[in-house]
Amino acid sequence: MFGVIKLSIRHFSLREYLIFIEMLIVLLVINVTIGLTGSVAGVGAAAFRLASPETITLSVLPVSGSLRSDPLQSIIHAGVHLEELAHALNRLPNVAWHGSIQVSGSDLGNFPSEITLIGADPDYLSAKPFPVVAGRTLSASVDTSALQVPILVSPGIAAIHPLGTIWRCALGSGFRTCRVVGVLPTSFTFWRTPYDVSAFMLTRGDAVVFPLTVASAGESTMAFALSSGQSVRLNNFSPARFKAFQRAVELTASRLHLTVHCQTISQAVDQFRAGYATQITFTTLVAAVLLLLSIFGLCGVLLANIPRRMVEVGIRFAVGSTTRDVLSLFFAEVCCLVIPAWLVSSLALMGLSIALSDSVFQFSMLDSTLSLGLSVLICLLGIASTLGVIRRLSTYHLLKGEY
Amino acid sequence: MPELIRIEEGEKTFAAGRGQTTILSNITLGIERGETMSISGRSGSGKTTLLSILGGMERLTRGRYLFAGDDVVGMTASELARLRNRHIGFVFQHFHLIASYTALENVQIPLLYQGISLRESRKRALEALSSLGLEENARHKPRMLSGGQQQRVAIARAIVTRPEVILADEPTGALDELTEREVMSTLLGMNAQHGTTLVIVTHNPDIARQCARVIRLHDGQVTPDDT
């Protein structure tokens with residue numbers, strides 16, 4: 001049988017190379033499908049995910065490098081947010097989530113005119129002290145008669161204490177009554193500022209003190225605070241910086257009237273899920289269409305090949321081949337087409353993955369192996385269809401081309 | 001001479017729509033070793049079906065078929081394949097060579113199905129081709145050969161396993177008169193030289209007359225021998 005297979009493979013013709021190219025396309029499509037749908041199980045898994053709406057994946061990009069230079073801020077902004085998120089998400093059944101937070105972008109002066117706050121469960125903070133950072137806790141018990149320090153808070157905190165909320169904030173060695181006057185966007189540039197405008201700004205009296213030693217983003221932030229009726233005391237403020245500050249006030253004045261939409265985590269999750277489902281549905285549909293087209297293409301080539309192969313099968317039967325021999329031969333031929341096609345497609349996709357820095361498509365050996373399995377399955381179906389013709393017809397009919 | 005082939009009360013029917021069509025009925029036939037026999041008859045008389053049954057490509061619906069004393073009707077598919085491979089050689093009207101293979105490789109195929117190595121099968125195939133004067137065409141593909149050459153390659157493929165019987169279905173049907181004579185001479189030569197039994201299906205009376213025995217089929221039944 002080995003000799004028969006060797007002889008057959010030696011005589012691969014244009015048709016076989018056409019099948020090879022088809023195989024290559026099918027493998028690429030299957031691989032990309034799996035890659036795009038972001039799951040090992042590819043289309044099937046995507047469909048499964050659609051059928052299981054409570055299983056979602058949240059992807060939040062990593063904290064930027066500049067922020068990492070200040071661990072305190074990283075903890076405040078990434079930690080708080082993630083902890084909130086974790087808490088909220090963990091309360092949802094079967095919710096899968098992962099990630100960290102992205103803190104990058106423009107300063108306060110580049111705020112959009114509308115921002116959406118993604119908040120936590122309102123019961124959360126009252127249920128337990130909110131461990132933002134060691135030694136600093138927030139408390140809901142407030143002295144409304146005390147002088148209120150205007151503060152900007154992170155979106156997570158703002159969700160339960162929107163604009164205007166008064167609360168106590170552990171600042172430095174004591175507690176101060178604070179009023180939320182603004183919200184930091186989820187994308188915010190810290191510009192190497194050691195103590196940025198956050199819930200933990202340094203305060204003296206009724207003024208917000210901005211540490212302007214390094215920050216270049218401070219001007220617009222100050223303008224924001226100023227416009228909310230607070231007096232601002234400046235440290236290390238040069239005439240040049242003062243001019244910049246004035247310009248920032250003018251520039252940001254028209255944009256200070258922010259429309260704030262509050263959104264709970266559950267709502268955010270729903271919104272995300274809706275968007276994700278749409279994305280997955282679209283990707284799955286495109287992938288499924290591509291896959292079907294490829295399979296039809298391959299089947300077309302296989303079927304177009306059948307008449308020629310059927311006469312050949314008849315000849316082989318006449319000279320002493322069995323059905324098993326013929327199927328073994330077909331299977332060996334398919335393997336000789338699929339395996340090189342798989343290797344070529346895997347190398348191509350690996351190269352693509354590297355070229356695109358894994359941003360669009362990520363090569364996975366497991367996915368690639370799965371695509372090989374699927375391709376072999378398609379080919380086996382093709383062989384099975386041949387088997388049907390062989391079984392139905394006698395050798396003589398095969399030889400006469402009557403099928 | 002002992003009988004190589006024996007069919008008794010053979011019947012062959014095919015499903016046709018809801019009913020059945022009888023192609024052969026009440027066929028009783030014996031073919032001796034080394035005999036040359038032609039089967040003739042009009043189109044649709046069942047001669048090709050009879051040849052297919054003799055070659056183990058079709059099974060009798062009813063009746064008995066013995067090949068060298070072995071019951072063919074009861075054979076499994078793989079036993080039938082083995083019978084065709086080792087004991088029977090086929091020659092077809094349209095040659096039925098694999099187009100992508102060379103003449104040599106076409107002749108090698110039956111040997112490869114016997115499990116013979118590529119090298120050994122190549123040697124034996126080349127011998128078979130040489131015996132038919134085709135050694136120079138061994139590396140040619142069928143499309144590069146004339147009709148007569150292609151038929152001789154097909155004959156080489158049929159004889160390479162040294163079968164006991166050659167079954168030829170209209171072997172000269174696609175050839176001109178001159179080539180027809182060459183091919184018939186080759187086939188009859190195989191019979192004379194090696195004692196190979198030769199059964200030829202033909203509707204050509206000239207071809208039929210060259211065989212020692214002629215049987216005619218009419219509406220699926222054998223009419224008396226015309227020897």
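Letters A, B, ... are given to chains in the order of the sequence lines, protein chains preceding strands, and every chain is numbered from 1.
- The number of heavy atoms from other shown groups lying within 6.0 Å of CZ (B/Arg64) does not exceed 12.
- Contact between B/Ile98 and A/Arg316 at its shortest, heavy atoms only, is CD1-NH2, 3.9 Å.
- Heavy atoms closer than 4.5 Å to chain A are found in the side chain of B/Phe14, but not in its backbone.
- Pairing each heavy atom of A/Val319 with each of B/Asn85, the nearest pair is O-ND2, 2.7 Å.
- Contact annotation for B/Glu105: both backbone and side-chain heavy atoms come within less than 4.5 Å of a heavy atom of chain A.
- Contacts between B/Arg157 and chain A at a heavy-atom distance below 4.5 Å involve the side chain alone, from C-beta outward.
- Minimum heavy-atom separation, A/Phe317 to B/Arg84: O-NE, 2.7 Å.
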Check: residues 46-53 of chain B side-chain donor-acceptor pairs under 3.5 Å, at least two apart:
residue : atom : partner : partner atom : Å
B/Lys47 : NZ   : B/Gly41 : O            : 3.1
B/Lys47 : NZ   : B/Arg42 : O            : 3.4
B/Ser52 : OG   : B/Thr48 : O            : 3.0

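- Closest approach of B/Phe92 and A/Ala318 over heavy atoms only: CZ-CB, 3.9 Å.
- Neither the backbone nor the side chain of B/Ile116 comes within contact range of chain A; no heavy atoms are under 4.5 Å apart.
- Remark: B/Arg6 CZ is packed, more than 12 non-hydrogen atoms of other residues, nucleotides or ligands lying under 6.0 Å away.
- Taking both residues in full, the closest heavy atoms of B/Ala81 and A/Ser321 are given as CB-O, 3.7 Å, listed atom of the first, atom of the second, then distance.
- Contacts of B/Asp169 with chain A are made by side-chain atoms alone, with heavy-atom separations under 4.5 Å and no backbone atom involved.
- Within residues 325-333 of chain A, the residues that have a heavy atom under 4.5 Å from a heavy atom of chain B are A/Asp325, listed by number.
- Applying the 6.0 Å contact sphere to CD of B/Glu127 captures more than 12 heavy atoms from other residues, nucleotides or ligands.
- For B/His140, the NE2 atom counts as densely surrounded, since its 6.0 Å shell holds more than 12 non-hydrogen atoms of other residues, nucleotides or ligands.
- Around the NE2 atom of B/His194, the shell of radius 6.0 Å holds more than 12 heavy atoms that belong to other residues, nucleotides or ligands.
- Between atom OG1 of residue A/Thr322 and atom OH of residue B/Tyr113 there is a gap of 8.0 Å, rounded to the nearest 0.5 Å.
- For the options B/Ile109, B/Leu111, B/Leu112, B/Leu97, heavy-atom pairs under 4.5 Å to chain A are most numerous at B/Leu112.
- B/His96 and A/Ile315 get closest at one heavy-atom pair: O-CD1, 3.2 Å.
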